[in-house]
Amino acid sequence: MIDLLGDIPGQQRVKNILSKFEPKSSIPHALLFIGPDGVGKEFVAVRFAQSINSNILENGVREKRLKQISSLSEPYVKYIIPLPRGKNETDSDGPTDKLTTDDIKLLQTELGIKAKNLYHKISLPGANNIKINSIRSIKKFLSMQYEDVAYRFIIISSAHLMNEAAQNALLKNLEEPPKGVVFILVTPFPERLRETIRSRCWKINFDPLSTEELTQVLTNNYNIDTSVTNSVVQFAEGSVTNALKLIDMDIRTLVAKTISILRYSFGKKYNSAFEEFNNLLTDRNTENIRIILKMIIIWLNDLQKHKTGVDQLFFAEHKETLEKFNSKFPDVELNDIVFKLDKLSSSIKNNININLLVANIIFELSALTTPQVSQLTTY
């Protein structure tokens, strides 16, 4: 069997599982790829589609078909993603029928980038869910017959964004899977899918990328300078998506601002802490709050590591802040606040009151030093 999975960075366990599936014998009709954003789930999905077909196609057409698969082209691949809803759109319209010309151009641009770099995460304004008409369009895809491709793939990106109606429509397709068609559902949140959908899929869990693998992707797929990648990979939790966001936010500024937010919060300087937060939230993006929260949690985890003598610190360049805090507040219990901050991060929604959320974060941090507030003047 031709191996088109081998040069994918990381995910060796996943590749071992997929390499055991043989054409015409043991390929599940539906796969559920589970794991964080930015670890290569869709990259693997496309390469798996290529790998399965490459061993069936004749040499004369193989290269052409593999290129069509990698570009997510129908009728070989149907790629379903969240889309914005058009003006006066109804569920009987096609997925893109009522989109504006600008929406269509942006969608085509994003798909073009995706075809060249399968780590690219498509982003469209207002694309908050997968429409039921996108799922209904699968029926037309399945009605087409092409003898030169033994296996066709339906890849559903961010599958958890299907609403109840869309999931019900998909379930009908999964209940009577047609021959030669493989569904691949991709999501970091499988719990948001109906159990009846999950039970019909072969579940495969993806792991975060190692720092070396993440550096490789950022360098080879995004042409990002090594000096920049080295500063973000340690905070990116093995995710290309996280790394790119950190680069966009300027990681050095983000680290410095995180330290300032901590210092002002611990010192009960609430206005200054708010100001530092607002400097990082100019677009009021809730995703940025998640990143800041994660940075704060990482610093708190580093605090615990420093207390127990562990040298591998994410905030190694700001080790003095850890030393000062542990010296002044040696008995602070961190488990509770880390749990609360993590819970706040998980509960963030697009319509959340950002000022209220920021206030909660600052007050939770300030509570850490409340018993010893008199010692904060030199921190």
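All values below come from the heavy atoms of this structure, side chains included, with hydrogens, waters and symmetry mates left out.
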Verify same cluster id: [X], [Y] (apolar side-chain graph, 4.5 Å):
X	Y	result
L334	L344	yes
F325	Y264	no
V46	I17	yes
Y270	L365	yes
F266	F363	yes

Considering all heavy atoms, the nearest [X]-[Y] contact:
X	Y	result
R263	T321	NH2-CG2, 3.5 Å
L280	M249	O-CE, 4.2 Å
P125	L106	CD-CD2, 3.5 Å
R200	L174	CD-CB, 4.0 Å
N173	I135	ND2-O, 4.3 Å
L111	I122	CD2-CD1, 3.6 Å

Check: [Y] main-chain N/O paired with [X] side-chain donor or acceptor under 3.5 Å:
X	Y	answer
S265	I261	yes
Q11	V39	yes
R192	N163	no
K203	R198	yes
S199	E195	yes
R65	Y76	no

Could you check whether [Y] and [X], counting side-chain N and O atoms only, form a donor-acceptor pair closer than 3.5 Å?
X	Y	result
N221	N117	yes
E364	N360	no
K114	S71	no

Next on the checklist: ring pair (Phe, Tyr, Trp, His ring centres under 6.0 Å), that's the test. Do W202 and F21 meet it? Break it down for me.
Outcome noted: CA-CA 12 Å; W202 186 303; F21 296 140; 5.1 Å; yes
Next on the checklist: With ring-ring contact (aromatic ring centres under 6.0 Å, His included) as the rule and sequence neighbours excluded, what pairs involving residues 101-134 come up?
Outcome noted: F43-Y119
Only pairs under 3.5 Å count here: list side-chain donor-acceptor contacts from residues 232-241, not counting sequence neighbours, and write none if there are none.
{"residue": "E237", "atom": "OE2", "partner": "K294", "partner atom": "NZ", "Å": "3.4"}
{"residue": "S239", "atom": "OG", "partner": "D37", "partner atom": "O", "Å": "2.7"}
{"residue": "S239", "atom": "OG", "partner": "T241", "partner atom": "N", "Å": "3.2"}
{"residue": "S239", "atom": "OG", "partner": "N242", "partner atom": "N", "Å": "3.1"}
{"residue": "T241", "atom": "OG1", "partner": "G38", "partner atom": "N", "Å": "3.4"}

Item to check | Passing candidate, side chain to side chain contact (heavy atoms under 4.5 Å, CB included) with N205, options I34, V14, L32 | outcome: I34
Checklist entry - Between N288, I361, D342, which is the residue that forms a side chain to side chain contact (heavy atoms under 4.5 Å, CB included) with L293? => result I361
If you round to the nearest 0.5 Å, how far is [atom2] of [Y] from [atom1] of [X]?
X	Y	atom1	atom2	value
L322	L262	CG	CG	9.5 Å
R252	K257	CZ	NZ	16.0 Å
S345	R290	OG	CZ	6.0 Å
L218	T229	CG	OG1	6.0 Å
I132	T90	CD1	OG1	11.0 Å
S143	I138	OG	CD1	12.0 Å

Item to check | Pairs touching residues 207-234 that satisfy salt bridge (Lys or Arg N to Asp or Glu O under 4.0 Å), sequence neighbours left out | outcome: R13-D207
Checklist entry - For residues 95-113, which residue pairs qualify under salt bridge (Lys or Arg N to Asp or Glu O under 4.0 Å), counting only residues two or more places apart or in two chains? => result D93-K98
Using a strict 4.0 Å threshold on nitrogen-to-oxygen distance, state whether [X] and [Y] make a salt bridge.
X	Y	answer
K172	E175	no
E89	K131	yes
K319	D302	no

Item to check | N16/Q12 under side chain to side chain donor-acceptor pair (under 3.5 Å): CA gap, chis, key distance, verdict | outcome: CA-CA 6 Å; N16 289 341; Q12 190 57 52; 2.9 Å; yes
Checklist entry - Going by side-chain heavy atoms closer than 4.5 Å, which hydrophobic residues are tied to L99, directly or by a chain of links? => result I104
Checklist entry - Taking it one step at a time, do T187 and F33 satisfy side-chain contact (heavy atoms from CB on, under 4.5 Å)? => result CA-CA 6 Å; T187 178; F33 284 4; over 6 Å; no
Next on the checklist: Is it the case that over 12 heavy atoms from other parts of the model lie below 6.0 angstrom from the CD atom of E317?
Outcome noted: no
Item to check | Steps toward side-chain contact (heavy atoms from CB on, under 4.5 Å) verdict (T369, K268) | outcome: CA-CA 9 Å; T369 56; K268 309 296 188 292; 2.9 Å; yes
Checklist entry - Which class fits the ring pair Y151 and F153: parallel under 30°, tilted 30 to 60°, perpendicular over 60°? => result tilted
Checklist entry - Given the rule in the side-chain contact (heavy atoms from CB on, under 4.5 Å) test, do N278 and V358 qualify, once you have shown the distances and angles that lead to the verdict? => result CA-CA 9 Å; N278 286 328; V358 169; 5.6 Å; no
Next on the checklist: Could you go through H318 and V255, starting from their C-alpha distance and side-chain angles, then the distance that decides it, and tell me whether this counts as side-chain contact (heavy atoms from CB on, under 4.5 Å)?
Outcome noted: CA-CA 9 Å; H318 296 268; V255 169; 3.5 Å; yes
Item to check | With sequence neighbours excluded, residues passing salt bridge (charged side-chain N to carboxylate O under 4.0 Å, His left out) with K15 | outcome: none
